[in-house]
> 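My structure is below; once you've seen it, I'll send some questions.
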Amino acid sequence: MNESSSATRRSKNFHQDIKHKIKRKTMNLQHNPNNIVIKGTPLETAKRAIVMLHGRGASARDILSLTDYLEGADYAYVAPQATQSTWYPHSFMAPTEANEPGLSSALEVVGKIVARLHDEFGFAHENIFLLGFSQGACLSLEYVARNPLRFGGVFGLSGGLIGPENQLPDYAGDLQQTPVFLGCSDVDPHIPKVRVLESEQVFKGLNANVVTKLYKNFPHSVNDDELEIVNQVLTTTVF
């Protein structure tokens with residue numbers, strides 16, 4: 001075998017090994033429901049709780065930094081931390097199975113936190129809010145669509161429901177006019193505008209009180225208008 005053929009073989013084996021490692025890393029993406037950071041009023045005395053979900057590559061403490069801009073008294077803020085700072089490995093519009101088991105594990109974490117807030121600390125579901133940014137926004141919206149109850153409010157900042165293009169499942173249930181806010185750039189590189197609008201229609205079909213705002217040429221970020229809308233719900237419980 002000549003040197004060129006040997007180098008090609010080594011390169012091929014190298015890339016196969018990398019792909020195997022990536023696949024193995026993805027398959028082990030499981031999340032710990034006890035890996036959480038809590039801020040604000042203690043859970044034992046708080047009147048309301050907000051489950052806050054960070055984006056890809058970020059942390060629980062990153063999303064909790066938004067609490068510096070949130071209003072409303074007697075709130076506890078609960079932020080879980082994703083393994084490897086990623087709730088699921090691929091785009092939220094990738095085939096669902098490609099994001100497993102991370103996606104199911106992430107949804108389970110949110111469910112366990114909501115259940116603990118309700119069962120252990122006595123929060124009525126209408127006093128539990130969910131807020132997420134980017135990947136965390138997608139996760140919060142997907143959880144609520146799959147588990148429709150009367151929540152205090154749901155804030156999807158740069159996110160949409162999870163699933164391939166034109167393949168969202170048939171969600172069923174009644175959100176009983178839960179305020180759901182969808183805020184996103186109209187040119188977001190990660191969140192297509194059409195998916196935000198599809199999500200809006202799904203939540204309307206689930207009997208949510210939906211407000212959707214697409215911000216012209218805005219970057220993948222959180223803006224003052226979004227925070228104002230969030231605060232309106234946190235202080236008045238309605239839009």
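Along the sequence shown, residues are numbered consecutively beginning with 1.
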> For Lys213 and Asp225: C-alpha separation, side-chain torsions, deciding distance, then whether side chain to side chain contact (heavy atoms under 4.5 Å, CB included) applies.
CA-CA 9 Å; Lys213 297 197 73 171; Asp225 186 68; 2.9 Å; yes
> So, does Ser105 use its side chain to make a donor-acceptor pair with the main chain of His31 at under 3.5 Å?
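The answer is yes, because a donor-acceptor pair under 3.5 Å joins these two groups.
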> Quick one: CZ on Phe92 to CD on Gln135, what's the gap to the nearest 0.5 Å?
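Nearest 0.5 Å value for the CZ-CD distance: 10.5 Å.
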> So which heavy atom on Pro148 is nearest to which on Gly173, and how close?
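Reported closest heavy-atom pair: CG-CA, 3.6 Å.
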> Could you check whether Thr235 and Glu71, counting side-chain N and O atoms only, form a donor-acceptor pair closer than 3.5 Å?
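No, no side-chain donor-acceptor contact under 3.5 Å.
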> Could you state the interatomic distance from OH (Tyr77) to CG (Leu131), rounded to the nearest 0.5 Å?
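These two atoms lie 10.5 Å from each other.
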> Between His54, His220, Arg56, which is the residue that forms a side-chain hydrogen bond (donor to acceptor under 3.5 Å, both in side chains) with Ser134?
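When side-chain hydrogen bond (donor to acceptor under 3.5 Å, both in side chains) is applied between Ser134 and each of His54, His220, Arg56, only His220 qualifies.
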> Verify, without hydrogens or angle tests, whether Thr237 (side chain) and Val233 (backbone) share a donor-acceptor contact under 3.5 angstrom.
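A pair under 3.5 Å: no.
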> Calculate, to the nearest 0.5 Å, the distance between atoms CD and CD1 belonging to Glu108 and Ile113 respectively.
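The CD atom of Glu108 sits 11.0 Å away from the CD1 atom of Ile113.
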> Decide yes or no for Phe203 and Val144: does some side-chain heavy atom of the first lie under 4.5 Å from some side-chain heavy atom of the second?
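The answer is yes, as the side chains (C-beta and beyond) meet within the 4.5 Å cut-off.
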> Which is it for Leu141 and Leu130 under the side chain to side chain contact (heavy atoms under 4.5 Å, CB included) test, yes or no, and what are the steps along the way?
CA-CA 8 Å; Leu141 295 171; Leu130 292 95; over 6 Å; no
> Are Ile63 and Val110 in one and the same hydrophobic cluster, where Ile, Leu, Val, Met, Phe, Trp and Tyr link if side-chain heavy atoms are under 4.5 Å apart?
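Unlinked, Ile63 and Val110 end up in two clusters.
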> Do Phe121 and Thr45 come within less than 4.5 Å of each other through their side chains, counting heavy atoms only?
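They are not in side-chain contact.
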> Measure across Ala60 and Pro80 and return the closest heavy-atom pair with its distance rounded to 0.1 Å.
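Between these two residues, the closest heavy atoms are CB-O, 3.7 Å.
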> Do Leu117 and Leu64 belong together in a cluster built from hydrophobic side chains that touch within less than 4.5 Å?
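Leu117 and Leu64: separate clusters.
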> Would a single hydrophobic cluster contain both Leu43 and Val37, if residues Ile, Leu, Val, Met, Phe, Trp and Tyr are joined by side-chain heavy-atom contacts under 4.5 Å?
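Each belongs to a different hydrophobic cluster.
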> Side chains of Val154 and Leu175, heavy atoms from C-beta outward: is any pair under 4.5 Å?
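Answer no - side chains too far apart.
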> Which pair of heavy atoms, one from Arg195 and one from Gly160, lies closest together, and at what distance?
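Closest heavy-atom pair between Arg195 and Gly160: CG-CA, 4.3 Å.
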> Are side-chain N/O atoms of Ser104 and Glu100 paired as donor and acceptor at under 3.5 Å?
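Judged by distance alone, the side chains do pair up.
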> Are Leu168 and Val196 connected in a single hydrophobic cluster, I mean Ile/Leu/Val/Met/Phe/Trp/Tyr linked by side-chain heavy atoms less than 4.5 Å apart?
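Per the 4.5 Å side-chain linkage, Val196 and Leu168 are co-clustered.
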> Just how far is it from atom CG of Leu53 to atom OG of Ser140, taken to the nearest 0.5 Å?
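One gets 5.5 Å once the value is rounded to the nearest 0.5 Å.
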> Side chains of Asn207 and Gln177: any donor to acceptor distance under 3.5 Å?
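Yes, Asn207 and Gln177 have a side-chain donor paired with an acceptor closer than 3.5 Å.
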> Might you work through the ring-ring contact (aromatic ring centres under 6.0 Å, His included) test for Phe129 and Tyr75, ending with a clear yes or no?
CA-CA 10 Å; Phe129 300 73; Tyr75 276 93; 5.7 Å; yes
> If you look at every heavy atom in Ala98 and Pro89, which pair is closest and at what distance?
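Answer, listing the atom of Ala98 first, then Pro89: O-CG, 3.7 Å.
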> So, for Thr41 and Asp74, which heavy atoms are closest and what is the spacing to 0.1 Å?
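The answer is OG1-CA, 3.4 Å.
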> Can you establish whether the number of heavy atoms outside Glu165 located under 6.0 Å from its atom CD is more than 12?
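For Glu165, atom CD is not crowded (no more than 12 foreign heavy atoms under 6.0 Å).
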> Would you say Ser158 and His190 make side-chain contact, with heavy atoms under 4.5 Å?
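No. Closest side-chain heavy atoms not under 4.5 Å.
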> Between Val211 and Leu182, does a side chain to side chain contact (heavy atoms under 4.5 Å, CB included) hold up when you go through it step by step?
CA-CA 6 Å; Val211 169; Leu182 304 170; over 6 Å; no
> Should Leu161 and Glu198 count as side-chain neighbours, where that means a heavy-atom distance under 4.5 Å?
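A side-chain contact is absent here, since even the closest heavy-atom pair is not under 4.5 Å.
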> When you measure from the side chain of Asn127 to the backbone N and O of Phe123, does any donor-acceptor pair fall under 3.5 Å?
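The answer is no, because no donor-acceptor pair under 3.5 Å joins these two groups.
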> Looking at CD of Gln176 and NE2 of His125, how far apart are the two atoms once the value is rounded to the nearest 0.5 Å?
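Going from CD on Gln176 over to NE2 on His125, the span is 11.0 Å.
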> Working note: Asp188 + Lys193, criterion salt bridge (Lys or Arg N to Asp or Glu O under 4.0 Å); need CA distance, chi angles, decisive distance, verdict.
CA-CA 7 Å; Asp188 193 294; Lys193 177 174 68 174; over 6 Å; no
> Closest approach of Glu226 and Ser221, non-hydrogen atoms and distance?
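Closest approach of Glu226 to Ser221, heavy atoms only: OE1-O, 3.7 Å.
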> When you compare the side chain of Val222 with that of Leu227, does any pair of heavy atoms fall below 4.5 Å?
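Contact flag for Leu227/Val222 side chains = yes.
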> Quiz question: by atom type and distance under 3.5 Å, do the side chains of Asp62 and Ser65 form a donor-acceptor pair?
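No pair is found: no donor N or O on one side chain lies under 3.5 Å from an acceptor on the other.
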> Which value, rounded to the nearest 0.5 Å, describes the distance between Asn223 atom CG and Ser185 atom OG?
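Result: 9.5 Å between the selected atoms.
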> Looking at Phe239, is its backbone amide N or carbonyl O close enough to the side chain of Gln232 to form a donor-acceptor pair, meaning the two atoms are under 3.5 Å apart?
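At least one qualifying donor-acceptor pair exists.
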> Begin from the C-alpha positions of Asp119 and Lys112 and carry the test salt bridge (Lys or Arg N to Asp or Glu O under 4.0 Å) through to its verdict.
CA-CA 10 Å; Asp119 298 339; Lys112 286 183 175 180; over 6 Å; no
> Could you tell me if the side chain of Leu29 sits less than 4.5 Å from the side chain of Gln84, heavy atoms only?
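Yes. Closest side-chain heavy atoms under 4.5 Å.
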> What's the verdict on side chain to side chain contact (heavy atoms under 4.5 Å, CB included) for Asn99 and Ser91, showing C-alpha distance, side-chain angles and the deciding distance?
CA-CA 8 Å; Asn99 277 319; Ser91 163; over 6 Å; no
> Determine yes or no for a side-chain-to-main-chain donor-acceptor pair under 3.5 angstrom, with Ser85 supplying the side chain and Ala58 the backbone.
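Yes, the answer is positive, given that a donor and an acceptor are paired below the 3.5 Å cut-off.
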> Please determine whether the number of non-hydrogen atoms from other residues, nucleotides or ligands lying under 6.0 Å from atom CG of Asp170 exceeds 12.
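Count not over threshold, so no.
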> Any side-chain heavy atom of Leu149 sitting closer than 4.5 Å to one from Asp174?
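Counting from C-beta outward, Leu149 and Asp174 never come under 4.5 Å.
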> Do Tyr215 and Asp186 meet the criterion of a side-chain donor-acceptor pair at a distance under 3.5 Å?
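No, no side-chain donor-acceptor contact under 3.5 Å.
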> Judged by atom type as modelled, is there a donor-acceptor pair below 3.5 Å linking the side chain of Thr86 to the main-chain atoms of Tyr88?
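Side chain of Thr86 to backbone of Tyr88, a donor-acceptor pair under 3.5 Å: no, none is there.
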> Distance alone, cut at 3.5 Å: any donor-acceptor contact between the side chains of Tyr171 and Glu142?
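Yes, side-chain donor-acceptor contact under 3.5 Å.
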